[in-house]
Amino acid sequence: MMMKKIVGMSCLLSLSSLALAEDLTGVWQLVSGEYVNGSGDLVDYQDHDLQSLKVISRSHFSFTSMKGTEFWASGAGTYEVADGKYTEKLQHNSFGEEAGTLYIFDTKIEGEYWYNSRWEDGKRVEYEVWKRVE
């Protein structure tokens, strides 16, 4: 009986993770955000006129970011969604990270908005708000 409950709970968690992954499929535009730079300063994306699009399929993501009219960064790879976490595994990028680098975000979708927070050593180092455009 206990085994059936465990299997049932596992299936529900898998289905909820699958449902969130399905909810992510599409094209997203960056609305706002901030990150902690290499000097430890909090940088608001709007201060850099950052614009970004992220395209997500059932198993892969890619993004391109512009700083005003100039190219700023791009990346692509695979992702997973589980237990309220969105994890990107980079395969290709323009900013010097090794293939296989993981970025793990606390994540939630509310309506047409997608919210991500990334933490390191108990400190939030990145926060993003995306809006579905397709």
Side-chain angles (χ1 to χ4, degrees):
M1 183 68 165
M2 183 60 135
M3 189 60 160
K4 283 184 180 180
K5 286 183 180 181
I6 292 171
V7 170
M9 291 296 286
S10 295
C11 288
L12 285 176
L13 289 174
S14 295
L15 289 175
S16 64
S17 295
L18 179 61
L20 184 55
E22 289 292 323
D23 289 345
L24 288 177
T25 301
V27 180
W28 298 86
Q29 183 173 15
L30 185 67
V31 173
S32 63
E34 58 191 23
Y35 71 100
V36 175
N37 68 15
S39 302
D41 300 320
L42 185 64
V43 177
D44 189 308
Y45 288 164
Q46 291 179 339
D47 293 344
H48 287 297
D49 190 23
L50 280 182
Q51 303 146 40
S52 188
L53 282 179
K54 185 173 283 201
V55 179
I56 298 189
S57 73
R58 290 181 187 206
S59 60
H60 288 76
F61 74 92
S62 68
F63 72 88
T64 300
S65 299
M66 302 292 288
K67 186 175 181 180
T69 59
E70 308 252 335
F71 172 79
W72 192 58
S74 66
T78 58
Y79 75 94
E80 292 182 1
V81 180
D83 302 324
K85 304 283 187 198
Y86 166 76
T87 302
E88 293 181 341
K89 183 176 183 180
L90 283 177
Q91 292 175 327
H92 311 284
N93 69 87
S94 65
F95 41 94
E97 290 291 340
E98 288 186 37
T101 297
L102 298 178
Y103 289 94
I104 302 169
F105 296 86
D106 292 338
T107 193
K108 69 179 176 177
I109 294 176
E110 292 180 351
E112 61 189 309
Y113 291 93
W114 177 27
Y115 302 89
N116 289 318
S117 297
R118 189 165 63 86
W119 301 79
E120 290 178 5
D121 299 323
K123 180 179 179 184
R124 190 176 76 186
V125 296
E126 190 170 9
Y127 178 70
E128 304 171 331
V129 178
W130 298 86
K131 182 177 181 183
R132 182 185 299 279
V133 293
E134 188 175 307

Exercise for review: Look only at the side chain of R124 and the backbone of V36, and say whether a donor-acceptor pair between them is shorter than 3.5 Å.
Suggested key: no
**Study point:** Any Y35 side-chain heavy atom under 4.5 Å of H48 side chain
**Key:** yes
Exercise for review: Answer whether the closest heavy-atom distance between the side chains of I56 and W130 falls below 4.5 Å.
Suggested key: no
Review point. Is the number of heavy atoms from other residues, nucleotides or ligands under 6.0 Å of E97 CD greater than 12?
Key: yes
Could you tell me whether [X] and [Y] make a salt bridge, using a distance below 4.0 angstrom between a side-chain N and a carboxylate O?
{"X": "K131", "Y": "E112", "answer": "yes"}
{"X": "K67", "Y": "D49", "answer": "no"}
{"X": "K54", "Y": "E88", "answer": "yes"}

Check your understanding: With sequence neighbours left out, what residues match S39 under side-chain contact (heavy atoms from CB on, under 4.5 Å)?
Key -> N37, D41
Review point. Who pairs with S94 by side-chain contact (heavy atoms from CB on, under 4.5 Å), at least two apart in sequence or on another chain?
Key: F71, A73, S74
Among the clusters formed by ILVMFWY side chains lying less than 4.5 Å apart, do [X] and [Y] turn up in the same one?
{"X": "W72", "Y": "L90", "result": "yes"}
{"X": "V125", "Y": "Y45", "result": "no"}
{"X": "L53", "Y": "L50", "result": "no"}
{"X": "F61", "Y": "F95", "result": "yes"}
{"X": "I109", "Y": "Y103", "result": "yes"}

Hey, could you give me the [atom1]/[atom2] distance between [X] and [Y], rounded to the nearest 0.5 Å?
{"X": "D106", "Y": "K85", "atom1": "CG", "atom2": "NZ", "value": "3.5 Å"}
{"X": "T64", "Y": "Q51", "atom1": "OG1", "atom2": "CD", "value": "12.0 Å"}
{"X": "N116", "Y": "I104", "atom1": "CG", "atom2": "CD1", "value": "12.5 Å"}
{"X": "T78", "Y": "Q91", "atom1": "OG1", "atom2": "CD", "value": "5.0 Å"}
{"X": "M66", "Y": "L30", "atom1": "CE", "atom2": "CG", "value": "13.5 Å"}
{"X": "E126", "Y": "E120", "atom1": "CD", "atom2": "CD", "value": "9.0 Å"}

So, for [X] and [Y], which heavy atoms are closest and what is the spacing to 0.1 Å?
{"X": "V31", "Y": "Q46", "answer": "O-NE2, 4.2 Å"}
{"X": "R58", "Y": "Y79", "answer": "O-OH, 3.4 Å"}
{"X": "Q29", "Y": "V133", "answer": "OE1-CG1, 3.5 Å"}
{"X": "S117", "Y": "Y127", "answer": "OG-CD1, 3.3 Å"}
{"X": "E34", "Y": "D44", "answer": "CB-CA, 4.2 Å"}

Check your understanding: What orientation do Y86 and F105 show, parallel under 30°, tilted 30 to 60°, or perpendicular over 60°?
Key -> tilted
